[in-house]
Amino acid sequence: MGNEAKRGGNKAAIFVYGCEGLENMAFVSVALSLVTYFSGYMNFSLTKSVTTLTNFMGTTFLLTLLGGFISETYLSRFKTCLLFAFFELTGYCLLTVQAHFPHLRPVPCKEAPAGSECEAAGSGQEAFLYTGLYLIALGTSGVKAALPALGADQFDDRDPGEAAKLSSFFNWFLFSLTIGSIVGLTLIVWINTEVGWDWAFVVCSIAVLAAIVVVFLGKSFYRHNVPQGSPILRLLQVFVASIRNRKLPIPENANELHEIRDKEAGIPYEILEKTDQFRFLDRAAIIRNDTIASISTNQQGPWTLCTVTQVEETKILIRMLPIILSTIFMATCMAQLQTFSIQQSITMDSQFLGFKIPGPSIPVIPLLFMFFFIPFYERVFVPLARKITGIPTGIRHLQRIGIGLVLTAASMAIAGFVETRRKNVAVKHNMVDSTEPLPMSVFWLGFQFCVFGMGDIFTLVGLLEFFYAESSAGMKSLSTAIAWCAIAFGYFTSTVVVTVVNKASGGWLASNNLNRDKLDYFYWLLSVLSVLNFGFYLVCASWYRYKNVEIYQNDAMEEKVDIAREA
């Protein structure tokens, strides 16, 4: 325990920051520019290119559940990061090989002989592409599930001094993610545009390899979690036991319910206090007459009797579900900024100091804003809010998420006004059907990007911190993965929203010409829906009840951490 106490803290978190920045540098640069690789190198149609990218992004964030499950059940978070980062590295290496050797991909349409048909990618070539692509998805998902939890594990929320640092960790984690994204969207995008995709994938491979080395170098500094068994199995046991005991009356005295307080001496363990929500599940902890004898010999079956902590662990996850649902729409709006806003930028003047900004690099605008705003938030806003509220994090997790949702609605409204102005410029200069850039700077898009970037700082970090803080000790990685899943569902929902709006509106987005489409109407619709979504979130947040925790050690209560608060 002595060595473990000396570990952790900011000196350990530095390695996590470095790993996240390097890994995200590769992932973001690829995620926002793969459409050009699909269409230019693999001869995919525009529709197939967009669909392939959307499926890749959605799958990446959905697979975080697998990474979270493995790190809680079989491997530590540290080992999970190493294993999945190796998968990601292998994926980038495969794409490097395919981009470099012409026989592994079709002849690009622009290089095809005059008069010949454009050759489609063969089944073997597509299989090679998808193998590399989804190895990247698998690898990234595991890193995103385990790495934030690994970093947060380095700060003890039972220690008032470290509790404040825990909140700061998530802010600086986003800061490292932002720096990696900025480098990826400038350096790597420039390489794939000016030098070639094979060299771009080489740089991505080197970045991920460096991330593996960095996170490994921190091994002796980390506080390592010990896998506590399958969290999914524990959840199922609660549901099965509560159904089996459905006819038993719930004791009025909570102390009559089953709990274990005699775990191995010297090792702190978490006891969750009973709550009044979802009382049906409390039946899983009822001691039946036919199990009393087995309890005395420590042979009780987990499918008929669970602890109160196990029941409350299940309740926490159920209470989190509405919060997850109410934040999905923000990711849907983010998907529009990563697709339609990129298309808008292509029609605008992208010159800056004599340089032409590539379309996939446009999202660097909000990232630059976040680069300056995150330190301001951490160094100025949080200390000021802490003095006013007395809360270590400045404002509560759910309040932070709510602010982000409001800013999302505002960004969509701003996007609508900017698009209206862009179309008016096209009409004024008689360029509605022109392919030439409009006399309107691409930096007009910076307004919507910057406001959304502020919302991202509040909501994304708020979600990661909320799910980590509220989950039980044996579900930290899985809960972090659930936060990422909200983004995955947002990407999948985006496709549905665009399709439904197109059909219901008679084709607002049906044309290939943005100057004739009704993209501004679409943005305003998203703003209205975001306001309604925020109303739904307020209901969910007011209904949520924060967990109560007791920490035991050496068969006696060492400390009680009461974080029951109003949402």
Side-chain angles (χ1 to χ4, degrees), residues 46-47 50-51 53-54 57-58 322 324-348 362-363 365-366 401-427 432 438 440 442 444-456 458-460 486-540:
L46 180 59
T47 301
V50 173
T51 302
L53 178 60
T54 302
M57 294 293 289
I324 300 169
L325 294 175
S326 59
T327 54
I328 288 176
F329 197 75
M330 178 183 178
T332 301
C333 295
M334 179 172 64
Q336 312 314 317
L337 292 182
Q338 292 178 350
T339 53
F340 287 115
S341 292
I342 301 299
Q343 291 179 326
Q344 286 176 283
S345 70
I346 296 174
T347 70
M348 304 169 75
I362 296 301
I365 297 175
I401 296 171
I403 292 174
L405 295 180
V406 171
L407 291 173
T408 299
S411 70
M412 290 296 100
I414 293 172
F417 285 111
V418 171
E419 172 61 8
T420 298
R421 188 183 190 284
R422 193 196 64 80
K423 290 173 62 178
N424 289 338
V425 169
V427 173
V432 173
L438 299 175
M440 178 178 176
V442 73
W444 275 90
L445 299 176
F447 292 106
Q448 65 209 50
F449 274 127
C450 287
V451 174
F452 189 89
M454 289 179 61
D456 206 22
F458 281 94
T459 299
L460 178 58
I487 298 178
F489 287 117
Y491 277 104
F492 290 133
T493 305
S494 172
T495 304
V496 177
V497 169
V498 172
T499 303
V500 171
V501 168
N502 253 331
K503 290 184 178 180
S505 65
W508 278 1
L509 308 171
S511 172
N512 286 326
N513 186 348
L514 281 182
N515 297 329
R516 294 190 177 278
D517 279 338
K518 299 294 188 294
L519 182 59
D520 47 350
Y521 292 178
F522 180 61
Y523 279 140
W524 285 330
L525 175 63
L526 291 179
S527 180
V528 172
L529 293 177
S530 294
V531 172
L532 296 177
N533 179 70
F534 175 67
F536 172 64
Y537 172 80
L538 288 179
V539 174
C540 297

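Note that the structure is predicted; figures quoted are calculated from it, not measured.
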Would you name the heavy atoms of [X] and [Y] that are closest together and state the gap between them?
X	Y	value
Gly404	Thr459	CA-OG1, 3.0 Å
Met440	Val425	SD-CG2, 4.1 Å
Asp520	Gly416	CB-O, 3.5 Å
Val451	Ala410	CG1-CB, 4.2 Å
Ala331	Ala486	CB-O, 3.8 Å
Val531	Ala409	CG2-CB, 4.0 Å

Going by heavy atoms in the side chains, are [X] and [Y] under 4.5 Å from each other?
X	Y	answer
Leu532	Phe536	no
Asp456	Met330	yes
Ser505	Tyr521	no
Leu519	Gln344	yes
Leu529	Thr332	no
Phe329	Leu526	yes
Cys333	Ser411	no
Leu438	Asn515	yes

Note to self: Please confirm whether the ring centroid of Phe522 lies under 6.0 Å from the ring centroid of Trp508.
What the structure shows: no
What's the separation between atom [atom1] in [X] and atom [atom2] in [Y], rounded to the nearest 0.5 Å?
X	Y	atom1	atom2	answer
Lys423	Thr347	NZ	OG1	11.5 Å
Ile365	Phe447	CD1	CZ	10.5 Å
Asn533	Leu325	CG	CG	9.5 Å
Phe452	Leu407	CZ	CG	10.0 Å
Leu525	Lys518	CG	NZ	14.5 Å

Next item on the list: Could you pull out all residues at least two apart from Arg516 that satisfy salt bridge (Lys or Arg N to Asp or Glu O under 4.0 Å)?
Entry: Asp433
Item checked: Phe489, CZ: over 12 other non-hydrogen atoms inside 6.0 angstrom -> no
Check: Honestly, is Arg421 close enough over Trp444, meaning NZ or CZ under 6.0 Å from the six-membered ring centre and within 45° of the axis?
Finding: yes
